[in-house]
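From a predicted model like this one, the values you see are computed outputs, not experimental measurements.
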Amino acid sequence: MYFRPLCHSDPVRPKGAVPLAGGHAIWFDRAEAITRAGSQGIVPVAEIPEAVLDRLTAPRGAIAGVAMDQPRLMGILNVTPDSFSDGGAFFDPDHAVARARAMVTGGADILDIGGESTRPGADFVPAEAEIARVVPVIQAVAGLAPVSIDTRKAAVGQAALSAGAQVLNDVSALCFDAEMAGLAAQSGAPICLMHAQGDPKTMQTDPNYENVLLDVYDFLAQQIDTAVAAGVRRDQIIVDPGIGFGKTLDHNLTLLRNLSLFHALGCPVLLGASRKRFIGTLGQAPDPLARAPGSIAIALAAAAQGVQILRVHDIQETKQALRLWRAVTT
Ligand code: HH2
């Protein structure tokens with residue numbers, strides 16, 4: 001049985017309401033009980049097994065010194081020639097550093113730096129080339145904010161940590177490079193485990209699931225166990241359902257409507273939906289650069305479900321929206 005907390009942010013809480021993940025704004029007093037046969041209805045908090053309730057309510061530890069008690073912003077910095085929305089714009093290290101500064105000034109809590117596009121159809125980048133792209137930028141910006149390295153490769157992760165990065169962001173959740181779990185364990189760096197079905201090159205060809213929500217949940221639970229078995233501390237693991245990675249529009253929407261389920265994994269939840277294709281489709285915005293309003297709508301919907309880290313391109317705009325959201329929810 002799975003339990004999806006029904007999240008509220010109303011300042012008045014009923015008796016028996018409990019905080020979601022120890023956060024300030026979101027609480028719940030009921031959850032939807034789910035099995036693979038379907039929804040089993042809504043149950044009060046008292047009927048949620050103690051171990052599950054503990055995971056749903058326990059405060060999360062800080063990630064690279066950033067407290068996880070409210071939604072935090074991870075600013076995207078793609079040092080690539082071919083990323084789907086900003087490919088080439090920050091390939092020049094000087095442009096990348098200027099962009100990082102602007103994002104920190106705009107309110108980014110963490111900077112996520114990547115040297116390999118993982119958009120659908122993207123070409124593989126060898127580790128040496130990826131290192132050459134990201135290391136100079138990490139060295140230049142590591143003093144501004146905690147840096148996360150967006151890579152599937154342990155060699156790149158190692159070089160990035162040596163250059164001053166503090167967080168590993170693995171969109172393959174340890175499936176691409178077997179050395180990644182060991183690197184996280186030995187370095188003590190927090191690691192984001194993201195669900196993807198298939199490889200970027202082919203992942204959008206024919207994604208299919210028995211039950212997208214529960215399949216993604218079970219996969220993340222399994223990869224948390226793999227990481228913990230390799231010596232990674234559970235409180236240093238972040239989970240991410242991987243919007244757009246081997247998912248149709250309906251798959252993405254099902255995950256987004258049910259994000260709060262992932263809190264039962266007991267780890268901070270990260271969401272990367274910014275400017276992605278489904279926002280263009282539903283928001284009628286073919287140009288990825290025109291997708292900030294839709295991206296912000298999704299960020300607020302995720303914040304309302306207690307998501308702790310929002311990975312976004314448009315930092316200043318999202319920060320403003322979150323400030324206003326908080327002002328009327330607390
Ligand atoms: N999405 C992208 C890359 N890295 N990491 C996490 N944890 N979650 C995500 O959703 C995620 C990610 C793809 O987006 P982007 O970096 O904007 O583009 P590209 O892969 O083309 O560089």
Side-chain angles (χ1 to χ4, degrees), residues 1-10 13-63 67-72 173-174 190-195 209-230 232-243 251 253-271 301-310 329:
M1 187 88 82
Y2 303 79
F3 293 90
R4 180 178 70 85
L6 305 186
C7 298
H8 299 273
S9 57
D10 197 295
R13 303 181 183 201
K15 254 204 190 92
V18 290
L20 183 72
H24 295 319
I26 311 297
W27 55 267
F28 64 101
D29 62 348
R30 290 166 303 153
E32 182 188 14
I34 305 172
T35 67
R36 286 195 174 262
S39 178
Q40 304 299 307
I42 290 171
V43 298
V45 156
E47 285 177 33
I48 301 176
E50 206 177 307
V52 180
L53 190 59
D54 280 353
R55 287 219 164 124
L56 285 172
T57 55
R60 308 304 188 229
I63 295 294
M68 291 288 112
D69 55 350
Q70 55 174 291
R72 299 294 181 180
L174 311 176
I191 182 163
C192 178
L193 304 177
M194 194 201 80
H195 174 276
Y209 299 85
E210 202 183 289
N211 176 320
V212 67
L213 180 64
L214 303 184
D215 291 0
V216 170
Y217 183 94
D218 286 349
F219 169 83
L220 291 173
Q222 173 196 308
Q223 295 312 98
I224 291 172
D225 289 348
T226 303
V228 169
V232 180
R233 274 172 42 192
R234 198 186 171 100
D235 68 357
Q236 293 302 295
I237 298 174
I238 303 160
V239 291
D240 180 344
I243 297 302
H251 294 147
L253 290 179
T254 299
L255 291 167
L256 291 166
R257 288 179 185 131
N258 294 282
L259 282 174
S260 65
L261 176 75
F262 294 96
H263 294 295
L265 293 166
C267 300
V269 178
L270 186 153
L271 189 79
Q305 292 191 59
V307 166
Q308 287 93 348
I309 306 178
L310 299 162
T329 50

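- Put simply, CG on Leu6 and CD1 on Ile42 are 5.0 Å apart, with the number rounded to the nearest 0.5 Å.
- Counting all heavy atoms, side chain and backbone alike, Ser9 lies closest to Ile26 at CB-CD1, 4.0 Å.
- Here the options are Leu193, Val269, Leu270, the test is side-chain contact (heavy atoms from CB on, under 4.5 Å), and the partner is Ile238; only Leu270 passes.
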Query raised in the report: Can Val52 and Tyr2 be said to form a side chain to side chain contact (heavy atoms under 4.5 Å, CB included), step by step?
Result: CA-CA 9 Å; Val52 180; Tyr2 303 79; over 6 Å; no
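- Taking 4.5 Å as the limit, every side-chain heavy atom of Leu20 sits out of range of all side-chain heavy atoms of Gln305.
- Across Ala302 and Leu271, no two heavy atoms sit closer than the pair CB-CD2, 3.8 Å.
- Within the 4.5 Å cutoff, side-chain heavy atoms of Arg60 are placed close to those of His263.
- In terms of modelled atom types and a separation under 3.5 Å, the side chain of Asn258 and the main chain of Leu261 share no donor-acceptor contact.
- Taken to the nearest 0.5 Å, the CG atom of Leu56 stands 8.5 Å off from the OG atom of Ser260.
- Considering every non-hydrogen atom in both Leu174 and Ile191, the closest pair reads CD2-CD1, 3.9 Å.
- Side-chain contact between Thr57 and Phe28: present, with at least one pair of heavy atoms (C-beta onward) separated by less than 4.5 Å.
- Counting all heavy atoms, side chain and backbone alike, Ala304 lies closest to Cys7 at O-CB, 3.4 Å.
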Report task. Report the C-alpha separation of Asp218 and Gln222 in whole Å, then their side-chain angles, then the decisive distance to 0.1 Å, and conclude whether the side chain to side chain contact (heavy atoms under 4.5 Å, CB included) test is met. Result -> CA-CA 6 Å; Asp218 286 349; Gln222 173 196 308; over 6 Å; no
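- Side-chain atoms of Asp215 come within 3.5 Å of backbone atoms of Glu210 as a donor-acceptor pair (strictly under, hydrogens ignored).
- Note: Tyr209 and His195 have tilted aromatic rings, judged against thresholds of 30 and 60 degrees for the angle between ring planes.
- In this structure a side-chain-to-backbone donor-acceptor pair under 3.5 Å is missing from Arg234 to Val232.
- Leu265 places none of its side-chain heavy atoms less than 4.5 Å from the side chain of Ile237.
- Between Ala31 and Phe3, the shortest heavy-atom distance links the atoms CB-CB, 4.3 Å.
- A side-chain donor-acceptor contact under 3.5 Å links Gln40 to the backbone of Gly38.
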Requested in this report: Show your working on side chain to side chain contact (heavy atoms under 4.5 Å, CB included) between Leu255 and Leu213 and close with a plain yes or no.
Outcome: CA-CA 6 Å; Leu255 291 167; Leu213 180 64; 4.1 Å; yes
Report task. Go through the steps to decide whether Phe262 and Val307 satisfy the test side chain to side chain contact (heavy atoms under 4.5 Å, CB included), and finish with yes or no. Result -> CA-CA 9 Å; Phe262 294 96; Val307 166; over 6 Å; no
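- Between Glu32 and Ser39 the shortest heavy-atom distance is OE2-OG, 2.6 Å.
- Looking only at side-chain heavy atoms (C-beta outward), Gln223 and Met194 stay at 4.5 Å or farther from each other.
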